[in-house]
Student: 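To start, I am sharing the structure in question, which I have written as structure tokens.
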Protein chains: 2
Amino acid sequence: MSVENLPEMIPHYTPGAERLLAAASDLFYRDGIHAVGVDTIAAAAGVTKKTLYDRFGSKEALAVAYLRGRDARWREYLEQELAQAPAGSVERILAVFDISARWALTNSDKGCSAINARAEMDDATHPVAVEAIRQKKWMRDVFAGLCREAGLADADRVADILMLLYEGGLVTVGMGTFADPFAAGREAAAAILGAARGSDH
Amino acid sequence: MSVENLPEMIPHYTPGAERLLAAASDLFYRDGIHAVGVDTIAAAAGVTKKTLYDRFGSKEALAVAYLRGRDARWREYLEQELAQAPAGSVERILAVFDISARWALTNSDKGCSAINARAEMDDATHPVAVEAIRQKKWMRDVFAGLCREAGLADADRVADILMLLYEGGLVTVGMGTFADPFAAGREAAAAILGAARGSDH
DNA sequence: GACCGAGTATACAGATCTGTATAGCGTGCG
DNA sequence: CGCACGCTATACAGATCTGTATACTCGGTC
């Protein structure tokens, strides 16, 4: 039965839809959602506008699919890389910052797609904003889970702080405020985690 | 002579320009720059579109004025509040997070205008993006200056970390990932600054 | 009294926006 | 064969976009 409802979870796109989503992802991330027209997306994908509406129904739905696709790739990369660090260790928590730095090198030169997309929507209940906020809460819960696995007493509070450092890193990469922000974030996280572990004993 | 060139630094707007900038600030921040048309701005300000172009020349210039105006208000508020904390103290550094939390209550419910504006521009050399990046570097330098005044040896590195916590707080307020992020940021900053001061002696 | 600055009112140009409509082509499949 | 599906091609509707043009009003100031 798990195979039966899999197509609902992971949509299987037609070739045209695949190219549309790839083109939209590039354009939405680079220029912003409002700044890119559906004609531009269709042309970049090498399909007609009708195909776009047949597959996705609206520009809004395509934007949500863009956010979901980016997030799915990030989650897959993160979980795969995290598996290489010893479970339940502080090193595994710190590894998130190394992984983020590597990911940012090729994927996040303009910051976080979720933050940027949220900024373009006036309403927090807009489907695009809802998806963006969902992704952020998921990431904070990843930190909280890692902290609990590492046996930290105040896992939730430490997770909040780690999330601040992580978000700051994403933004700083996008703005170019200073170089290698995730290294600074890792350094700070190590100090915080050292203190948190120390207070346990 | 300082009075002579003051008008160049602080532009004196006509009444119409004043209302235009106020209306544009609200709309640009709420909906995003690309999502708001000049007709909407002019109507909200109660002036005609011609007045907008007579005063600002272009929508792009109005957007830059919007970012500059917001930043000027933030800087004024920050410097005024900072003056109430003892100079050269760690408390003064931590006060930035309290001040940010208060400011965010009434001004930053959708995150940082500079980050959000930058996200809408494809090119880092676009005037709007240039202004946004300038503001971020200024804020990092504020942290560095406060760290140096407090006598920290590794002021620049600590300033980077403080900037991450600050940026993370702004983003988290905008996304609503968790409550009261600047309190968590202050807590983390206190731990980092305690360690930095400890390593000095 | 002439002039100028700030503003109103209105219309327009030319482009671009999202979304729909109509007609047809080609391939795989039962 | 027949037929559904994914797609192309083209045209269009109706709205909205930035920016400009023309003509006018009103208040202060030299």
Side-chain angles (χ1 to χ4, degrees), chain A residues 7-8 10-67 117 120-123 126-129 131, chain B residues 7-8 10-67 117 120-123 126-129 131:
Chain A
E8 295 181 356
I10 304 169
H12 58 296
Y13 294 114
T14 63
E18 208 94 61
R19 292 209 307 280
L20 274 166
L21 192 51
S25 292
D26 286 347
L27 292 165
F28 281 160
Y29 185 68
R30 182 186 319 270
D31 298 341
I33 293 170
H34 281 132
V36 181
V38 289
D39 294 277
T40 307
I41 296 167
V47 303
T48 62
K49 212 167 40 168
K50 183 167 189 307
T51 301
L52 191 157
Y53 281 94
D54 283 348
R55 296 295 130 246
F56 293 94
S58 70
K59 182 188 178 183
E60 180 179 283
L62 179 58
V64 172
Y66 143 68
L67 284 183
E120 289 195 73
M121 309 299 142
D122 54 326
D123 187 358
H126 188 288
V128 168
E131 172 61 23
Chain B
E8 296 181 356
I10 302 169
H12 58 296
Y13 294 114
T14 63
E18 209 94 61
R19 291 208 309 279
L20 274 166
L21 192 51
S25 292
D26 285 347
L27 292 166
F28 282 160
Y29 185 67
R30 182 186 319 271
D31 299 342
I33 294 170
H34 281 132
V36 182
V38 287
D39 295 277
T40 307
I41 297 167
V47 303
T48 62
K49 213 166 41 167
K50 184 169 186 306
T51 301
L52 191 157
Y53 281 94
D54 283 348
R55 295 296 129 246
F56 293 95
S58 70
K59 181 188 177 182
E60 180 180 292
L62 179 57
V64 172
Y66 143 67
L67 284 183
E120 290 194 73
M121 308 298 141
D122 55 326
D123 188 357
H126 187 288
V128 168
E131 172 61 23

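Predicted model only: the values in this text are computed from it and were never measured. Keep in mind that the numbers below use all heavy atoms, side chains included, and drop hydrogens, waters and symmetry copies.
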Student: Could you tell me the separation between the NZ atom of Lys59(A) and the C1' atom of dT16(C), rounded to a whole number of Å?
Tutor: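 Taking atom C1' of dT16(C) as the reference, NZ of Lys59(A) is at 11 Å.
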
Student: Checking contacts here: which listed nucleotide (dT18(C), dG7(C), dG19(D)) is nearest the side-chain heavy atoms of Ser58(B)?
Tutor: dG19(D)

Student: In whole Å, I'd like the distance from the NE2 atom of His34(A) to the P atom of dT16(C).
Tutor: 18 Å

Student: At 4.0 Å (heavy atoms only), tell me whether Thr51(A) reaches a base, stays on the sugar-phosphate, or touches nothing.
Tutor: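 Thr51(A): base contact, heavy atoms under 4.0 Å.
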
Student: Hey, could you give me each pair passing ring pair (Phe, Tyr, Trp, His ring centres under 6.0 Å) that has a residue in residues 27-48 of chain A? Not counting sequence neighbours.
Tutor: Phe28(A)-Tyr66(A)

Student: What contact category does Thr48(B) fall into here, base, sugar-phosphate, or nothing, at under 4.0 angstrom with non-hydrogen atoms?
Tutor: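 Contact class for Thr48(B): base.
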
Student: Using whole Å, report how far CD of Glu18(B) lies from C1' of dG7(C).
Tutor: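 For the pair Glu18(B) CD and dG7(C) C1', the rounded distance is 15 Å.
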
Student: From CG of Leu52(B) over to C1' of dT20(D), roughly how many Å is that when rounded to an integer?
Tutor: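 From Leu52(B) CG to dT20(D) C1': 13 Å.
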
Student: dG6(D) P sits how many Å from Phe56(A) CZ, rounded?
Tutor: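 Taking atom P of dG6(D) as the reference, CZ of Phe56(A) is at 13 Å.
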
Student: Run Thr48(A) and Thr51(A) through side chain to side chain contact (heavy atoms under 4.5 Å, CB included) and show every step you take.
Tutor: CA-CA 6 Å; Thr48(A) 62; Thr51(A) 301; 3.4 Å; yes

Student: Need one value for Gly57(A): base, sugar-phosphate or nothing, where a base atom within 4.0 Å counts as base even if backbone is also close, heavy atoms only.
Tutor: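 Since no nucleic acid heavy atom lies under 4.0 Å of Gly57(A), the category is nothing.
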
Student: What I'd like to find out is whether the side chain of Ile33(B) reaches to under 4.5 Å of the side chain of Met121(B), using heavy atoms alone.
Tutor: yes

Student: Could you tell me how far apart Asp39(A) (CG) and dC17(D) (C1') are, to the nearest whole angstrom?
Tutor: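 My rounded result for the distance is 14 Å.
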
Student: Could you give the CD-to-P distance, from Glu60(B) to dT18(D), as a whole number of Å?
Tutor: 12 Å

Student: Kindly write out the residues that satisfy ring pair (Phe, Tyr, Trp, His ring centres under 6.0 Å) with Tyr53(A), not counting sequence neighbours, or none if the list is empty.
Tutor: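 Checked Tyr53(A) against ring pair (Phe, Tyr, Trp, His ring centres under 6.0 Å); zero matches.
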
Student: Rounded to the nearest Å, what distance is computed from the CZ atom of residue Arg19(A) to the C1' atom of nucleotide dT8(D)?
Tutor: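 Result: 12 Å.
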
Student: Starting the side chain at C-beta, find the nucleotide from dT18(D), dC7(D), dA6(C) nearest to Lys50(A).
Tutor: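 Of dT18(D), dC7(D), dA6(C), dC7(D) is nearest to the side chain of Lys50(A).
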
Student: Side chain of Tyr53(A) only, please: which of dG7(C), dG19(C), dT18(D) is the nearest?
Tutor: dG19(C)

Student: Please tell me if Arg55(A) has a side-chain N or O lying less than 4.0 Å from either OP1 or OP2 of dC7(D).
Tutor: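 Affirmative; the distance criterion is met.
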
Student: Please tell me if Thr14(B) has a side-chain N or O lying less than 4.0 Å from either OP1 or OP2 of dG7(C).
Tutor: yes

Student: What distance do Leu27(B) atom CG and Ile41(B) atom CD1 have between them, rounded to the nearest 0.5 Å?
Tutor: 6.5 Å

Student: Taking the nucleotide of DNA chain D with the nearest heavy atom to each, does Asp54(A) or Lys49(A) sit closer to the 5' end?
Tutor: Asp54(A)

